Number of protein chains: 2
Amino acid sequence: MRDALPQGTYKVQALDRAFAVLDLLGESETPLGLAQVAASLQLHKSTAHRFLMVLERHRMVERTANGKFRLGLRLFDFGNRAIEQYDLRDRAQPHLRRLVTETEETAHLALLEAARVIYIDKIEPTRSVRMITRIGASNPVHCTSVGKAILAFLPPERAADIIRRIRFERMTSRTIATAEALRVELDKTRRRGYAVDDEELEEGLRCIAVPVLDAQRLPVAAVSVSGPSFRVTAQKLPAIANHLLQCVRGISVDMGYVPSGRAARTVVNA
Amino acid sequence: MRDALPQGTYKVQALDRAFAVLDLLGESETPLGLAQVAASLQLHKSTAHRFLMVLERHRMVERTANGKFRLGLRLFDFGNRAIEQYDLRDRAQPHLRRLVTETEETAHLALLEAARVIYIDKIEPTRSVRMITRIGASNPVHCTSVGKAILAFLPPERAADIIRRIRFERMTSRTIATAEALRVELDKTRRRGYAVDDEELEEGLRCIAVPVLDAQRLPVAAVSVSGPSFRVTAQKLPAIANHLLQCVRGISVDMGYVPSGRAARTVVNA
DNA sequence: CTCTAGCTTCTCATATGATGGGACGCGGGT
DNA sequence: ACCCGCGTCCCATCATATGAGAAGCTAGAG
């Protein structure tokens, strides 16, 4: 947030500050008082106060009984409007549920935005340990199965474009660290028809994903199944992949994407 | 938006404008171009442009392929953080689902904020006509069953406080139009144990709701069942109410609210 | 009960930072 | 070819946000 802007970027100080406030409140587990907000953001009490009042007027923040601030429900409203267009989410949900009962592991639905993937839905099996991800949160493409699934099936130029923008942060010892390694991995992904994240984002977590293709056979999203490595073993991958392929095929049909079509289809067995 | 501010309100022009932009994009069904945004809000192209660029940097808006603007997924992220604290929603969902299969009508979960109710979840029966409500949207308290359900069980002073702030907009011919009429209605609600909205928000739509009570027996939310008046008939109300009461009791238990307790409990038969 | 500390709320003169006029360039339609 | 609408960009002007500081609150300690 406080770091230098890329270059000739447009700036509106007030907006940057306001969003910094929202960010801060969003990160914080507990509501914050005016003084804490002002201190954390290096704003004057006076300034922070004015911002918070305006944000409150817009219901972007609200005050708890003891006068502290937290995010307001207006944001919830906006958030829902924002995904509305992607009604993908609603349509996909039943399929995800089925997928979860079949695999007994957590399923995610994710979109690509810039060089990150954004989780727009998550279904957890009843008995599982709760996963850490939060709907709406994002991760870098290069270390997630969903990211690789989408990237692998994007037109080469678009994929290259995105890869160029990746910063290749290292998340675990297995995280893919170079563009070249990523390209190799994407080739493998294309060949086998599904993407795998083998503890590349988080130790002990293995995920597998396939893209959801639209009528033009372009990936618009991806569905993944994630679980602890000891349960999601290498041998189980092909079986899970088949469930996944069935699932995304169902989603595509529901979205009105070519129910016929060939390509990225069923059956994996290597 | 453009109307005069109540009184000695705090103002940050840039913020008000930015939110106006978001509002506009949120209302609009389709993405808007710079010129349209500028025109609708009476901003100069130049100004609108700067705002949109900054908003885009923050991922609050995004551009479609043809360069038009729409709400960005960052809002989705914020929205999810905003409701996170109310994990009520997650816990309530299974109960709402059961409620929907039992009643075959749409169920809503709503919170009270100021003098409005905000829908934080909605489950629809598979075969039903889609209802118009959107999760995250809000309605005035006085013309919704959820609003009345919460209001009726709030401590008298708090309720009076809220009633004072209601503007009593008329939505249909049956909308409650005065504070006095509302108080009478709330009495009825308390006596029968559930609230009814008989086409007061929308012609042809009948809803029935009961509050979700916390450990202090204070309403924190309400659950409603809504459907076309011809299906949700007067005779069916008590039966539906019983399903509702069972449902909220389940929610309360899951939230860790007194599983014992007495009060607002089962069985209605008038 | 009073005093103090830490917090929030409010006011106002100042200069910083947003503003909008306008120029430019692109693309699509006639 | 030309025009028109739209998005992008620059920069001098002044309206706007800014922050120092004073005044209010509230709660807890003495």
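Keep in mind the model is a prediction, meaning the values are calculated, not measured. Chain identifiers are assigned alphabetically (A, B, ...) following the order of the sequence lines, protein sequences preceding nucleic acid strands; residue numbering begins at 1 within each chain.
- Under the 4.0 Å criterion applied to side-chain N and carboxylate O atoms, B:Asp77 and B:Arg59 are not assigned as salt-bridge partners.
- Here salt bridge (charged side-chain N to carboxylate O under 4.0 Å, His left out) pairs that include residues 141-154 of chain B, with residues two or more places apart or in two chains, are B:Lys148-B:Glu185, B:Lys148-B:Glu200.
- For A:Arg17 and C:dA18, the shortest distance from a side-chain N or O to OP1 or OP2 is not below 4.0 Å.
- Under the 4.0 Å criterion applied to side-chain N and carboxylate O atoms, A:Arg81 and A:Glu84 are not assigned as salt-bridge partners.
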Could I get a table of every N or O pair under 3.5 Å where one atom is in the protein and the other is in nucleotides 25-28 of chain D?
none

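- For CZ of B:Arg167, the number of neighbouring non-hydrogen atoms (other residues, nucleotides, ligands) closer than 6.0 Å is 12 at most.
- Rounded to an integer number of Å, the gap from B:Phe51 CZ to C:dG17 P is 15 Å.
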At under 4.0 Å between heavy atoms, how does the protein contact nucleotides 4-16 of chain C? Give one character per nucleotide, 5' to 3', with B, S or -. ----BBBB-----
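- Residue A:Thr47 places none of its side-chain N or O atoms closer than 4.0 Å to OP1 or OP2 of D:dT18.
- Classification of B:Arg158 and B:Asp161 as a salt-bridged pair fails, no side-chain N sitting under 4.0 Å from a carboxylate O.
- Salt-bridge annotation for A:Arg74 and B:Asp23: present, with a side-chain N of the basic residue lying under 4.0 Å from a carboxylate O of the acidic one.
- What separates CD of A:Gln42 from P of D:dG19 is a distance of 12 Å, to the nearest Å.
- Going from atom CG of B:Leu43 over to atom P of D:dA15 covers 18 Å, rounded to whole Å.
- OP1 or OP2 of C:dT19 has at least one side-chain nitrogen or oxygen of B:Arg50 nearer than 4.0 Å.
- Residue B:Glu157 qualifies as enclosed at atom CD: its count of foreign heavy atoms under 6.0 Å is above 12.
- The closest side-chain donor-acceptor pair between B:His108 and B:Thr133 falls under 3.5 angstrom.
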